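Please read the structure below before turning to the comments.
Fair warning: this is a prediction, and the values are worked out from it, not measured in the lab. To find a chain, count down the sequence lines: A is the first, B the second, and so on, and within it residues start at 1.
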Protein chains: 2
Amino acid sequence: MLLSDQAGQAAATKIPRPATLRESVIEAIQELIVSSQLKPGQHLVESELAELLGVSRQPVREALQQLSGEGWVDLHPGQGAFVHVPTLEEADQLLAVRTLLETESARLAAEHAGEGGVRQLRSLCARGIAAVQSDDVDSAVALNSELHALVTALSGNAVLAELASQVARRVRWYHTPVARQRGMASWDEHTALIDAIEAGDGQRAARIMREHTEHTRASYMEQRENDPVEPAPKPVRRRRPRTPQAG
Amino acid sequence: MLLSDQAGQAAATKIPRPATLRESVIEAIQELIVSSQLKPGQHLVESELAELLGVSRQPVREALQQLSGEGWVDLHPGQGAFVHVPTLEEADQLLAVRTLLETESARLAAEHAGEGGVRQLRSLCARGIAAVQSDDVDSAVALNSELHALVTALSGNAVLAELASQVARRVRWYHTPVARQRGMASWDEHTALIDAIEAGDGQRAARIMREHTEHTRASYMEQRENDPVEPAPKPVRRRRPRTPQAG
DNA sequence: TTTTCGTCGACTGCCTACAGCATACCGTCC
DNA sequence: GGACGGTATGCTGTAGGCAGTCGACGAAAA
């Protein structure tokens, strides 16, 4: 047997490459943002991030640019990078787009997902329900993302899946702090969705997904109304207080 | 009158900043790709591009990474950047996504576009028809893009518009070489679309836009079947022929 | 002849250094 | 007292340079 055949079969054993620094930095900054260690509107100084992460400015620059492309930070030429400030309006629009993309994904998934796909969905769903029942919120949130990602993947449209994935990441940022509410209801809807997909009923799958994401959206908007955030009214460049020249 | 007020009113007069080199390089490379001076699958060597454009490697690197995020080039870590090879299947999926996004945009535009919006649409449409009648294909293609962009903008959903714009750019790349066919029929459909938007009939606008983009898609697929492209079967790293050490 | 290993060349990834610019501070003039 | 211009400071944007790594080629072994 040729090694390449083996590799083809067990392709899952990809070596976790030490990845480029740039990618590591991207993930690190995303983590800093979602965990609110970097606050919306905050000026991101390249040299500070570089020192904080123990790398040079170059990987940081490249990471910031990629993050800008994905909507995490805003790049003002000559001024620098600022953590994006998620408007209520923008969040609403983003959730609307997510609804659109995922609804279509569900419709297509119902038409294209085979037995294997459905089995994977069931598995994820079971684990999600277990996580909720044991109050493991973090796992539940992660599994929720995985399940939605799998649905888009099963749509058979890679471009659609990629776009949906991008949108989902941003949604997750806005959504995470207030997502811990819906709990079990969400997973009941997931189960119904999988039933529809298994039955090959695209219309029903689409309808369920639409209602599902709209529920999420409504829950988010409701949460936000009680807890508005405006931490940086002036996204102005920060200036370090005059160093008092100790000496 | 305060100067800031003036600036607020005539915000269009933003100084065309000499933009960062990175942005200039991005546009230059995009231009090189759509004009087929850089062929699909071709290995993009940073130093060569840098010399060609008269800049250093850094802006080129950053540009390539941004272009990778938008699907123009593929980045293989440790190997470099390659011009993306548009599969027939992928083009189909991309066009499907475009249909989805623009259909929704049309629906929303019908609900949100005011008189001013409709007037702008009419103006663009008139200019487009004029361009077709005078066989000015380049203008017609450009105006077509502008009109679609305006529809998405009038949807009132900025996120949706941004996404649609990204997708449209890629579509334009795949599509441009074969786009010069549809001509007048396309602009008749545009007119009907604007009528629906003006009437505030979201359902009708969506239906027209769906059929419109599906026509485009069909026309594209038809063209492609007659003219398949596979310029780089092995997207392998290019190797410069051994320099014969003259001397 | 086919396979395997060693070597070479070239390119990427990263770091460091420099120039330009935007902003904030502060003394001066009206 | 308020506005204006000069000056200082920190940051970004860009360039150049070095080490690591990947692929290709060629020689040696089976």
Side-chain angles (χ1 to χ4, degrees), chain A residues 1-4 14-15 17-26 28 41-68 73-83 232 234-245, chain B residues 2-4 14-15 17-29 41-68 73-83 232 234-246:
Chain A
M1 181 192 278
L2 289 175
L3 196 62
S4 58
K14 278 269 184 67
I15 297 175
R17 305 262 318 193
T20 63
L21 270 189
R22 172 167 54 94
E23 294 182 40
S24 310
V25 171
I26 290 174
Q42 179 171 347
H43 183 198
L44 299 177
V45 180
E46 297 173 359
S47 51
E48 287 184 11
L49 284 173
E51 192 179 5
L52 178 66
L53 301 174
V55 299
S56 100
R57 272 181 56 211
Q58 170 115 349
V60 174
R61 272 183 70 81
E62 297 180 353
L64 288 176
Q65 282 165 24
Q66 180 150 343
L67 289 171
S68 151
V73 308
D74 298 319
L75 237 46
H76 296 242
Q79 250 181 298
F82 300 82
V83 180
K234 284 184 184 175
V236 77
R237 186 173 182 171
R238 184 191 48 187
R239 182 152 185 105
R240 190 184 310 280
R242 169 89 32 133
T243 49
Q245 289 294 353
Chain B
L2 290 175
L3 196 60
S4 57
K14 277 272 182 66
I15 298 175
R17 303 266 315 196
T20 64
L21 270 190
R22 172 167 53 94
E23 293 183 40
S24 311
V25 171
I26 289 175
E27 291 182 18
I29 295 181
Q42 180 172 346
H43 183 197
L44 300 177
V45 180
E46 296 173 358
S47 52
E48 288 184 11
L49 283 174
E51 192 179 5
L52 177 67
L53 301 175
V55 300
S56 98
R57 271 180 56 209
Q58 172 108 351
V60 174
R61 274 183 67 81
E62 297 179 353
L64 288 176
Q65 281 165 26
Q66 181 150 343
L67 289 171
S68 151
V73 308
D74 298 318
L75 237 45
H76 296 243
Q79 250 181 299
F82 300 81
V83 180
K234 282 184 186 176
V236 76
R237 187 174 183 172
R238 185 191 50 187
R239 180 147 187 109
R240 190 183 309 280
R242 168 88 32 129
T243 49
Q245 289 293 355

Where the side chain of B:Arg61 is defined as all heavy atoms beyond and including C-beta, which of D:dC11, C:dC14, D:dT14 is the nearest nucleotide? C:dC14

Sequence-distant partners of A:Arg61, salt bridge (Lys or Arg N to Asp or Glu O under 4.0 Å), two or more places apart: A:Glu46, B:Glu62

Does OP1 or OP2 of C:dT16 have a side-chain N or O of A:Arg57 closer than 4.0 Å? no

Rounded to whole Å, please give me the gap between CD in A:Glu48 and P in D:dC11. 6 Å

Taking the six-membered ring for Trp, are A:His43 and A:Phe82 parallel (under 30°), tilted (30 to 60°) or perpendicular (over 60°)? parallel

Please report the distance, rounded to the nearest Å, between NE2 in B:His76 and C1' in D:dG23. 14 Å

Categorize A:Leu44 for me: base, sugar-phosphate, or nothing, with a 4.0 angstrom heavy-atom threshold over every strand shown. sugar-phosphate

Between A:Glu51 (CD) and C:dC14 (C1'), how many Å, whole number? 17 Å

Which atom of A:Val25 lies closest to which atom of A:Val60, heavy atoms considered: CG1-CA, 4.1 Å

In whole Å, I'd like the distance from the CG atom of B:Leu64 to the P atom of C:dC11. 14 Å

Interatomic distance, B:Leu49 CG vs C:dA10 P [rounded to whole Å]: 18 Å

To the nearest angstrom, how far is A:Leu75 atom CG from D:dG13 atom P? 7 Å

Spacing of A:Gln58 atom CD relative to C:dT12 atom P, expressed in whole Å: 13 Å

Answer yes or no: does a side-chain N or O of A:His43 lie under 4.0 Å from OP1 or OP2 of D:dT12? yes

Gap between atoms CD and P, on B:Glu46 and D:dA15 respectively (whole Å): 13 Å

Compare all side-chain heavy atoms of A:Gln66 with those of A:Glu23 and state whether any distance is below 4.5 angstrom. no

Closer than 4.0 Å, any side-chain N/O of B:Gln79 to the OP1 or OP2 of D:dG23? yes

